[in-house]
A.B. asks: 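I'd like to ask some things about the structure below.
Every chain is numbered from 1, with letters handed out A, B, ... down the list of sequences. Only this structure's heavy atoms are used, side chains among them; waters, hydrogens and symmetry mates stay out.
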Amino acid sequence: MTVLKHSFATLGVREEIVRALAEDGKEHPFAIQELTMPLALAGDDLIGQARTGMGKTLAFGVPLLNSITTDTERPLTGAPRALIVVPTRELCLQVHGDLSGAAKYLRVGDRALSVVPIYGGRPYEAQIEALQKGADVVVGTPGRLLDLANQGHLQLGGLSVLVLDEADEMLDLGFLPDIERILRLTPDSRQAMLFSATMPDPIITLARTFMNQPTHIRAEAPHSAATHDTTEQFAYRAHAMDKVEMVSRILQANGRGATMIFTRTKRTAQKVSDELAERGFKVGAVHGDLGQGAREKALKSFRTGEIDVLVATDVAARGIDIDDITHVINYQCPDDEQAYVHRIGRTGRAGKTGIAVTLVDWDEMAKWTAIDKALALDCPDPAETYSSSPHLYEELNIPTEVKGTVGGPKKQAPRRPARDEAGADSATEKPRTRNRQRQRTRGAAKAGTGHVETTTESTGPDSSEAQDGQADNAGGEAGPAGRRRRRRPRKPADAAPGASVNAG
DNA sequence: AAAAAAG
């Protein structure tokens, strides 16, 4: 594998942006950023796909900022020239922060280039004022964007660039009507860029109906796994009533690592958060029943380390980028494989290692089986041991410590409980462990340190069938992200010890 | 069916 060590400057990014990125420690582009840059700068429509945590925001953000500040035929006027639509308010704030950072040295005449967040749950006044003062780039959630557009405060007729972040989510049923309304307000000539880690075929087909000959860019081979080699994945069968206890035990042994816990419902998120707080954990919650202030406060506390446990619904499943989340726990099984991929993608970002644990109760078995199959996770079936013991957590043996980033010391696999080895309890429970993809020194690691390989990310038995990292215009051959099996030897019996949750 | 997103 050839390592190409490019810089943003050699990709044609202007000096102000290069300098801002460098000050933030970003010297070398990630694979998706490098692949996207030439096409995006040329004004092409594109669909960009890269795994979670691999730099998609700047993959559209940098060329977008570069284009609108470099187009001498259309100098910036203060009317929005680029619009980025995102699915949640918190992601809106994060993307706004990322773009503002990259744009901090860009100027329009005698003023700074303006990036404005437009999202719900907050008063209108400040947002309207910001638009009136001049907004070159707008980042927003659909409802408030349409609201302000309908009120005449947001003018989208002058857009050069439209981005749908988490595009498959934005084009899903819940959001589609709003997105169609937004699209109608934008000029036909605008460049459209769609980004996500997950892009089901039907969504791509739908996207093509409003895009102009989009190029589909993938930072990995079309058939590579959707999740990271560097994230160890576990599924445990669990009685619903035991789940808080199981989570507690994982957290207790978890040292300083931050943990995100996902639930399916807002009520459960609040309940789990409350119960963990009662048990003394420094925990916060983010879900749609909370006021916007509380949501942002919880997320901020989690970012700063003031709290180290965050319980959330899928509102926080996508895009949220927080350093050093070592564990993701699916307290309730996600609805589909996309949700699973995005949830566990909160850990193991940018080449770091992570641990993902999914607790599966009886009602969730079918859902879990479908996810396992769709992603070819190859987990043992939790149903095998479902009815045996109400106290499975006694035998939980989930690694509670992340052993360092890739390239560092070898991560160890969890050990099966001693009594399993002794055979005493073998009929009751085995930890439903799954040590996925042990070969972990490949692309993710390199990309994580900012390098780019011509063969990016994972390889695998079938990687040769595609030109890794090559754009393709044909489309259609992508296939669901993981129908094929990627079997690899599993050796649960002689797996190495991990830190014990219950001290043995 | 739930969550998200306007209020």
Side-chain angles (χ1 to χ4, degrees), chain A residues 83-96 116-128 131 138-154 156 163-185 196 198 203 240 260-273 285-296 298-299 310-320 330-343 345-346 358 360-368 370-371:
Chain A
L83 172 66
I84 299 125
V85 189
V86 299
T88 67
R89 298 164 182 176
E90 287 72 22
L91 189 54
C92 175
L93 287 169
Q94 180 182 293
V95 170
H96 170 261
V116 172
I118 299 292
Y119 63 102
R122 291 292 193 193
Y124 288 86
E125 291 74 24
Q127 294 180 9
I128 293 171
L131 291 173
V138 171
V139 186
T141 49
R144 184 60 70 93
L145 285 172
L146 282 169
D147 196 348
L148 293 187
N150 291 337
Q151 290 184 41
H153 297 296
L154 175 64
L156 298 178
V163 177
L164 301 186
D165 195 11
E166 307 297 345
D168 55 330
E169 171 83 351
M170 305 313 290
L171 296 175
D172 197 15
L173 263 47
F175 277 115
L176 187 56
D178 278 354
I179 296 304
E180 286 173 331
R181 288 184 198 106
I182 290 172
L183 284 170
R184 268 181 244 125
L185 300 175
S196 182
T198 50
I203 297 291
M260 271 192 92
I261 301 172
F262 285 102
T263 66
R264 194 177 58 86
T265 66
K266 295 178 280 195
R267 265 187 55 197
T268 305
Q270 193 58 53
K271 185 200 80 172
V272 172
S273 174
V286 174
H287 58 74
D289 277 350
L290 293 172
Q292 190 54 29
R295 286 167 57 162
E296 287 173 31
L299 199 65
L310 189 68
V311 188
T313 58
D314 280 332
V315 68
R318 283 174 176 258
I320 298 303
N330 290 319
Y331 185 93
Q332 291 171 311
C333 191
D335 275 344
D336 52 38
E337 65 266 28
Q338 286 82 22
Y340 178 81
V341 165
H342 287 279
R343 281 184 180 187
R346 296 321 97 208
T358 302
V360 185
D361 65 44
W362 179 251
D363 294 338
E364 301 172 316
M365 275 304 306
K367 215 185 270 181
W368 170 252
I371 292 169

A.B. asks: In this structure, how many angstroms lie between the C1' atom of B:dA3 and the OH atom of A:Tyr331, rounded?
C.D. replies: 18 Å
A.B. asks: Is there side-chain contact between A:Val139 and A:Leu91, with at least one heavy-atom pair below 4.5 Å?
C.D. replies: no
A.B. asks: Check whether any side-chain nitrogen or oxygen of A:Arg89 sits under 4.0 Å from OP1 or OP2 of B:dA6, and answer yes or no.
C.D. replies: yes
A.B. asks: Check this one for me: any side-chain N or O of A:Arg295 less than 4.0 Å away from OP1 or OP2 of B:dA5?
C.D. replies: yes
A.B. asks: May I have the distance from A:Met170 (atom CE) to B:dA5 (atom C1'), rounded to whole angstrom?
C.D. replies: 8 Å
A.B. asks: How close or far is atom P of B:dA5 from atom CG of A:Asp165, stated in whole angstroms?
C.D. replies: 14 Å
A.B. asks: Can you measure A:His342 atom NE2 to B:dA3 atom C1' for me and round it to whole angstrom units?
C.D. replies: 15 Å
A.B. asks: Starting at atom CG of A:Leu164, determine the distance to atom C1' of B:dA5, rounded to an integer number of angstrom.
C.D. replies: 15 Å
A.B. asks: NA contact type, A:Phe262, heavy-atom cut-off 4.0 Å: base, sugar-phosphate, or nothing?
C.D. replies: nothing
A.B. asks: Under 3.5 Å, is there a donor-acceptor pair linking the side chains of A:Tyr124 and A:Asp147?
C.D. replies: yes
A.B. asks: Are any non-hydrogen side-chain atoms of A:Val163 and A:Val85 less than 4.5 angstrom apart?
C.D. replies: no
A.B. asks: Can a side-chain donor-acceptor contact be found between A:Glu90 and A:Gln94 if the only test is distance below 3.5 angstrom?
C.D. replies: no
A.B. asks: Any non-hydrogen side-chain atom of A:Asp165 less than 4.5 Å from a side-chain atom of A:Val95?
C.D. replies: yes
A.B. asks: Over all strands shown, is A:Gly288 touching base, sugar-phosphate only, or nothing at heavy-atom distances under 4.0 angstrom?
C.D. replies: sugar-phosphate
A.B. asks: Mind calculating the distance between OH (A:Tyr124) and P (B:dA6) to the nearest angstrom?
C.D. replies: 9 Å
A.B. asks: Roughly how many Å is it from OH in A:Tyr119 to P in B:dA5, rounded to a whole number?
C.D. replies: 11 Å
A.B. asks: Tell me the interatomic distance from A:Gln332, atom CD, to B:dA2, atom C1', rounded to whole angstroms.
C.D. replies: 10 Å
A.B. asks: Out of B:dA3, B:dA6, B:dA5, which has the shortest distance to the side chain of A:Asp147?
C.D. replies: B:dA6
A.B. asks: Establish, with yes or no, whether the OP1 or OP2 oxygen of B:dA4 is under 4.0 angstrom from a side-chain nitrogen or oxygen of A:Lys266.
C.D. replies: yes
A.B. asks: As a test of reading the structure: which of B:dA1, B:dA3, B:dA5 is closest to the side chain of A:Phe175, going by heavy atoms?
C.D. replies: B:dA5
A.B. asks: Among the nucleotides B:dA1, B:dA6, B:dA3, which one has an atom lying closest to any side-chain atom of A:Thr265?
C.D. replies: B:dA3
A.B. asks: Give a yes/no answer on whether the side chain of A:Thr313 brings an N or O atom under 4.0 Å of OP1 or OP2 in B:dA4.
C.D. replies: yes
A.B. asks: Between A:Thr141 and B:dA6, is there a contact of a side-chain N or O with OP1 or OP2 at under 4.0 Å?
C.D. replies: yes
